[in-house]
Protein chains: 2
Amino acid sequence: MNYAPFLNYIKNFVDLNEKEITFLRSYTNYKKYFKGQYIVQQGEVCNHTNFIISGCTENFYIDQKGQEHIVTFAIENWWSSDISSFITQKPSDFNVKCLEDTEVIQFTCQNQDEIFKNIPKMETLFRKLLEKALVSSQKRIVNNFSLSAKDQYIYFKNQYPNIEQRVPQYMVASYLGITKEFLSKIKAHLVKNKS
Amino acid sequence: MNYAPFLNYIKNFVDLNEKEITFLRSYTNYKKYFKGQYIVQQGEVCNHTNFIISGCTENFYIDQKGQEHIVTFAIENWWSSDISSFITQKPSDFNVKCLEDTEVIQFTCQNQDEIFKNIPKMETLFRKLLEKALVSSQKRIVNNFSLSAKDQYIYFKNQYPNIEQRVPQYMVASYLGITKEFLSKIKAHLVKNKS
DNA sequence: TTGATTTGTTAATCTAGTTTATTTTTTAAA
DNA sequence: TTTAAAAAATAAACTAGATTAACAAATCAA
């Protein structure tokens, strides 16, 4: 059980005293998943918010036509859950699946409320995290409007330099909302033109 | 000056006592803009979060090619600002422009923090609003992945039945990320096929 | 070390949505 | 009430990206 990375992460935002840390520890739990396991499954209620200690997850859904779409990746020091299902406690539209062995710290809905009640600083932290998440979600919409598939791929590589090496290319294509064939074409083109 | 709609809105989420309401009032301000006025301008820092009492705004940006893209509309009982600029206090990438005469309640950055410090319930409210905003932003990304332009238009009409009558069609097209010509084609097609 | 499965490439054909240009309709100002 | 400007419709030519299909590498299990 490896809790330190989470406390280090939190330290970037708020200072907690010993008592608060003890409380936080007792209201969260550590869990290890293996590669291929599902943390959340489409159709089930998402019971946890997960902070990733190590590993890598994909958040994807399967649409009416049976096509898979990756909505987000998450790696160390990121959060991973289906927030919609978590806050409404209704069945999830998404799957969260481990692409590597993955260790997480989990917050349940009830415990999260307890934590916020007892350590208001934690609610401030979550509010700020949500603000940042919203900004980057909006940024993605904006990129979708204004950038060609090629430029979106370049943006993705710059923004998430660590992810491309860890996941297969067809998943990057899925994240970008293009076919794997087209991404292959884009990469061939980039190599040929050296940028 | 018309503060009641804002208090009614808040009442849906949290209960405030007289003292808290007085505090809230003194730390927010009312402002009226006329049709065509900018609440935020691309390049300037967004100093306020705005709750709309009456009217309608568009949040848009102009990309490198000089093209305008509408990111969101907002009407009565919605919020309107550039959250990225607001939280970082850096120049905004967006414009917020009034499409009608618009009355708003404004929170400045400093006052918002004061409000959260003095009325923690308000921070909880904002956290929950951010959660909902993030969910709907993600929903938009998902629709972009899975729906044709026609189905996105139908979704838009269902989700925002009040907006289409209030804004010109080319703005709806811009919001959907398609050209006005193509939206016109879609509408003609929908009329012809009665769905 | 081999066969099977997963991942990636290439190329031809196809289509949803864009671009450009012209015409018609609606809105609003004088 | 007229007129100019803004908004919407129509249509032809065009393009970014999808689809299909065949094949080539890489990975993995036994």
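Reckoned from all heavy atoms, side chains included, excluding hydrogens, waters and symmetry mates. All chains are named by letter (A, B, ...) in the order of the sequence lines, taking the proteins before the strands, and each is independently numbered beginning at 1. Keep in mind that what you see is a predicted model, and the values were worked out from it rather than measured.
The backbone N or O of Gln42(B) lies less than 3.5 Å from a partner atom in the side chain of Asn95(B), making a donor-acceptor pair.
If you measure from atom NE2 of His69(A) to atom P of dA18(D), you get 11 Å, rounded to the nearest angstrom. Residue Asn144(B) contributes atom CG, which lies 13 Å from atom C1' of dG17(C) at whole-angstrom precision. In this structure, CG of Leu99(B) is placed 11 Å from P of dA7(D), rounded to the nearest angstrom. For Lys187(A) and dG8(C), the NZ to P distance is 8 Å, given to the nearest whole Å. Rounded to whole angstrom, the span from the CG atom of Leu176(B) across to the C1' atom of dA16(C) amounts to 15 Å. The distance from atom CG of Asp151(B) to atom C1' of dG17(C) is 14 Å, rounded to the nearest whole Å. In this structure, CD1 of Ile186(A) is placed 14 Å from P of dG8(C), rounded to the nearest angstrom. Distance, Lys180(A) NZ to dA25(D) C1': 15 Å, rounded to whole Å.
Nearest to the side-chain atoms of Pro168(B) among the listed nucleotides dA7(D), dA16(C), dT10(D) stands dA7(D). Considering only side-chain atoms of Ser184(B), the nucleotide from dG17(C), dA18(D), dT10(D) that sits closest is dT10(D).
Comparing Glu181(B) and Leu147(A) by the nucleotide of DNA chain D whose heavy atom lies nearest to each, the residue mapping closer to the 5' end is Glu181(B).
Between Gln138(B) and Val142(B) there is no side-chain heavy-atom pair separated by less than 4.5 Å. At least one side-chain heavy atom of Glu103(A) sits less than 4.5 Å from a side-chain heavy atom of Tyr30(A).
Here the two rings, on Phe156(B) and Tyr153(B), have centers that are 6.0 Å apart or farther. For Phe60(A) and Phe94(A), the gap between ring centers reaches or exceeds 6.0 Å.
Distances shown here put every side-chain N or O of Gln169(A) at or beyond 4.0 Å from the OP1 or OP2 atom of dT6(C). Remark: Thr179(A) is in phosphate contact with dA18(D), judged by side-chain N or O atoms under 4.0 Å from OP1 or OP2.
Nucleic acid contact class of Tyr170(A) (heavy atoms, under 4.0 Å, all strands): sugar-phosphate only. Note on Lys185(B): a base of the nucleic acid sits closer than 4.0 angstrom, heavy atoms only.
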